Every structure is written in structure tokens, then in C-alpha cells.
Amino acid sequence: MTFPVVGMVGGGQLARMTHEAGIPLGIKFKLLSNAPQESAAQVVSEVVIGDHRDLDTLRAFARGCDVITFDHEHVPTEHLRALEADGIPVRPGPDALVHAQDKGVMRAKLDAIGAPCPRHRIVADPTDVERFAAEISGGGAQRLDEGRWPGDGRDGGFPVVLKTVRGGYDGKGVWVVRSSKEAAEPFRAGVPVLAEEKVPFVRELAANVVRSPHGQAVAYPVVESVQVDGVCDTVIAPAPDLSDALSGQAQELALRIAHELGVVGHLAVELFETADGRILVNELAMRPHNSGHWTQDGAITSQFANHLRAVLDLPLGDPRPRAKWTVMANVLGGDYPDMYSAYLHCMARDPQLKIHMYGKDVKPGRKVGHVNTYGDDLADVRERAAHAAGYLRGTITE
């Protein structure tokens with residue numbers, strides 16, 4: 001029997017790490033990358049350089065692949081339907097993936113299945129944004145003389161969050177606006193704009209699950225995701241001080257979303273935890289996700305290995321953690337491009353440290369790698385991760 005060929009669209013670090021997870025299984029990997037210097041293109045043996053937005057390129061790439069999967073959600077939905085019509089298994093399929101591609105479609109579907117979400121609607125222009133702000137604050141003729149709406153103490157219902165329905169990630173395509181005058185920028189992109197209430201959350205969580213074509217599914221421990229300037233900085237697994245009831249609710253919600261949307265592969269459900277003990281769905285990602293990087297060293301089966309198992313319809317692996325605590329810290333580029341020279345210090349200081357670099361050019365603020373630490377003492381595990389990430393970046397020098 002020949003081993004299957006997995007075709008992955010996208011040459012970023014997620015593809016690089018998914019390829020790594022397939023090596024012990026003998027899984028063959030074919031990559032569609034925008035450029036030869038992309039993260040995964042540096043390590044995969046069969047690389048096609050081309051544009052994922054071009055249908056002819058996708059069709060030529062798909063020839064010889066047993067299944068197509070992705071390290072991003074930017075392939076046009078209609079192109080994925082064309083590949084399916086050609087008989088190529090696409091996982092996740094376009095009917096599922098559109099919910100991660102289009103935030104308006106996602107919100108409508110989550111509403112239909114009764115998933116808890118922030119209040120939201122599509123808005124047409126800055127004036128409509130002001131109407132939405134009024135709606136979530138109480139609205140109507142009850143506006144106070146000071147320009148405030150009764151209900152939640154917002155200034156005319158502001159601030160609100162505006163998102164372009166397609167294309168945003170890591171804080172891009174997202175604006176927090178405090179008046180209708182500030183709301184003009186999102187509409188310049190020429191795509192629909194989604195308005196959401198700005199949730200007064202206490203922290204962000206993520207529930208990661210994996211589902212196979214025949215419906216087998218596994219759930220990883222719910223994690224806390226710490227964001228800095230709209231970019232994931234640190235992930236703590238499991239989320240500290242999260243009640244068993246709320247943790248179970250988050251896992252059940254993620255599994256239900258995966259089932260209702262027909263997801264095949266990895267699904268990350270990003271969540272807000274509110275002060276009154278609720279969880280609300282923030283975003284969906286249908287691919288390996290930053291909030292699951294801790295699983296490389298902290299879980300019996302990583303998100304990358306389980307994503308591969310799912311798209312190939314193999315039995316899924318055990319998602320349970322290996323240690324009491326695992327902490328992932330992203331390594332962002334700084335002013336010191338020679339990160340390799342920092343290995344001597346980091347490895348000597350913490351022999352248990354796991355470093356994962358992506359082969360990217362170092363640029364300030366760019367994700368170029370991550371570190372994983374684990375152990376029984378959360379404060380110690382967090383300090384070790386923060387120190388290693390900071391030393392690699394150059395913000396810590398001792």
C-alpha cells in the first residue's frame with residue numbers, strides 16, 4: 001500500500017508544523033506556497049509555487065493529492081467547490097470553511113444553532129454604526145442629555161467593535177470605535193462590515209477540538225489566551241481557575257459547533273469569559289491554531305498530528321495533557337535578528353525548554369517562533385516561558 005499524499009494550501013508555520021507531525025507516520029506532503037522562502041516551503045520536499053486564489057493553479061496542485069487541507073482560510077469558497085466537483089476531498093469542506101472565512105456567515109449560523117455570541121449585526125455605514133450602538137445600549141428616545149444611553153453606561157452605546165467580514169486576523173481588519181466619526185475606516189475596504197458589542201470580558205479562552213469525517217471527535221483542555229495588541233502572546237493550558245462546569249460547557253459548545261458546521265480537522269473556538277460566568281464565541285478557526293501550539297509538547301497527541309489524522313480519516317489520538325501545566329509563549333521579532341546565539345543561554349537555563357522556530361526573517365512584532373514549558377508549578381512554568389521568549393527577542397538580557 002502506498003502512503004497518502006496530503007496537499008496543504010499555504011506555506012506558513014502551521015503547514016511547517018503539520019508536515020513535521022506527518023513525518024513519523026510516513027505521510028507524504030505536497031505544499032502550495034506563495035513563495036519559496038515561506039516557512040513550510042523551506043522544509044517540504046514537494047513545493048508548488050503559485051497563487052491560491054487562481055483556480056487553475058489549485059486544480060494543477062490537487063492532481064496527485066489524496067486530500068486537500070489548509071494552513072489559512074483564504075482560498076475562495078467557489079474554488080473549493082470546484083475542487084470537490086472534480087472529486088478531490090477537501091477537508092474542511094467549503095460548506096464548513098465559509099464560517100471561518102466570513103464573519104457574517106459565521107454569526108448567522110451560530111445564532112441559528114443557539115451558540116452564545118456578543119450582540120451583533122451587519123452595518124451599512126457610520127450612521128448605521130451609531131444606530132447599532134443605540135440598539136445595544138437601550139436606544140430609542142431614552143437617550144440622555146449627556147449623550148449617554150441607559151442600560152450599560154456606554155457613551156451613546158459606544159465603544160463598539162467593527163470587523164470586515166473577510167480577511168482579518170491577528171488584530172487586522174478589526175477596529176474599536178468610540179463614535180460614528182471614527183467608524184469610516186472599515187467601510188473603505190469595500191466589503192461588508194460586522195458590528196459587535198465590545199464585551200467587558202475578564203479573559204479570553206480557547207476550546208480546541210478535532211473531528212473526523214465519520215464523526216469521531218476529541219476535545220483538548222480549555223486554555224487561557226493572553227493577547228497583547230491584538231496578537232496572542234501567551235497560552236496557559238489548562239486555563240487557571242476555570243470551573244469544571246464552565247470548562248465542560250466550553251468543550252461541549254466547541255464539539256457542537258464542529259458537528260453542526262460539519263467541520264473535518266481542527267477547530268479552534270475563541271471565547272470570551274464574562275464577569276458573570278458566561279462564555280461567548282468570539283472567532284472560529286478551522287485549522288491548527290496558535291492556542292493549540294502547547295499541544296506539541298504538552299499533550300499526548302498534538303493538534304497537528306490530530307488534524308492530519310482527521311483529514312485522512314484515521315482514528316484520532318489522545319488529547320490529554322502530559323503535565324499539570326503547559327505554557328506557550330510566542331516569540332516575536334525585535335531589534336536582534338540573531339536569535340540562534342540566544343539558544344546557549346536559554347537551553348542552559350532551562351533544559352526542559354522546547355523551542356520552535358519558523359524559519360522567518362526577524363522583523364519587529366512578527367511571529368517568528370514559540371516556546372513551550374511545562375511542570376507542576378504554574379508560576380514557575382509561566383516565568384520560564386516568558387523569560388525564554390523575551391531572551392530570544394532581545395528584551396531580556398540576563
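Note that this is a predicted model, so its numbers are computed, not measured. Position 1 is the first residue of the sequence, and the numbers go up from there.
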Report yes if the side chains of [X] and [Y] come closer than 4.5 Å at any heavy-atom pair, otherwise no.
X	Y	answer
F3	L25	no
R211	L316	no
L32	I68	no
V281	I257	yes

*Around L344, counting heavy atoms of other residues, nucleotides and ligands shown, do more than 12 lie under 6.0 Å from its CG?*
no
Given 3.5 Å as the limit, does a donor-acceptor pair link the side chain of [X] with the main chain of [Y], or not?
X	Y	value
T295	A299	no
Q216	D313	no
Q227	C232	yes
R16	Y358	yes
K30	F61	yes
N330	L332	no
T326	A237	no
Y220	P321	no

*Salt bridge flag under 4.0 Å for residues E185 and R188*: yes
*Salt bridge or not for K324 and D377, using N-O below 4.0 Å?*
no
*So Y391 and H345, would you call those rings parallel, tilted or perpendicular, with 30° and 60° as cut-offs?*
parallel
*asked:* Please verify the inter-ring angle class for H356 with H370; under 30° counts as parallel, over 60° as perpendicular, anything in between as tilted.
replied: parallel
*Could you go through the side chain to side chain contact (heavy atoms under 4.5 Å, CB included) check for W294 and I236 one step at a time?*
CA-CA 8 Å; W294 69 273; I236 307 167; over 6 Å; no
Distance check, rounded to the nearest 0.5 Å: [X] atom [atom1] versus [Y] atom [atom2]?
X	Y	atom1	atom2	result
T301	Q296	OG1	CD	13.0 Å
I88	L80	CD1	CG	12.0 Å
K367	S39	NZ	OG	12.5 Å
F70	R91	CZ	CZ	11.5 Å
H79	E84	NE2	CD	14.5 Å

*Determine whether the aromatic ring centres of H266 and F304 lie less than 6.0 Å apart.*
no
Between [Y] and [X], do the side chains contain a donor N or O and an acceptor N or O under 3.5 Å apart?
X	Y	result
T69	H307	yes
D350	H387	no
S225	E270	no
S291	N208	yes

_Quick one, E73 with K103, criterion salt bridge (Lys or Arg N to Asp or Glu O under 4.0 Å). Give me CA distance, side-chain angles, the key distance, then yes/no._
CA-CA 12 Å; E73 292 110 344; K103 295 178 177 63; over 6 Å; no
_Shared-cluster residues of L55, by chain and number - hydrophobic side chains joined below 4.5 Å_ = none
*With D102, which of R166, R107, K163 fulfils salt bridge (Lys or Arg N to Asp or Glu O under 4.0 Å)?*
R166
*Just do the side chain to side chain contact (heavy atoms under 4.5 Å, CB included) check on V67 and L312 with the steps written out, would you?*
CA-CA 7 Å; V67 63; L312 292 169; 3.9 Å; yes
*Hey, any chance Y336 and Y340 share a hydrophobic cluster, counting ILVMFWY side chains that come within less than 4.5 Å of each other, even indirectly?*
no
*Taking it one step at a time, do C117 and L280 satisfy side chain to side chain contact (heavy atoms under 4.5 Å, CB included)?*
CA-CA 5 Å; C117 296; L280 302 173; 5.8 Å; no
*Would D128 and R121 satisfy salt bridge (Lys or Arg N to Asp or Glu O under 4.0 Å), going step by step from the backbone distance to the final call?*
CA-CA 10 Å; D128 201 18; R121 71 172 172 84; 2.9 Å; yes
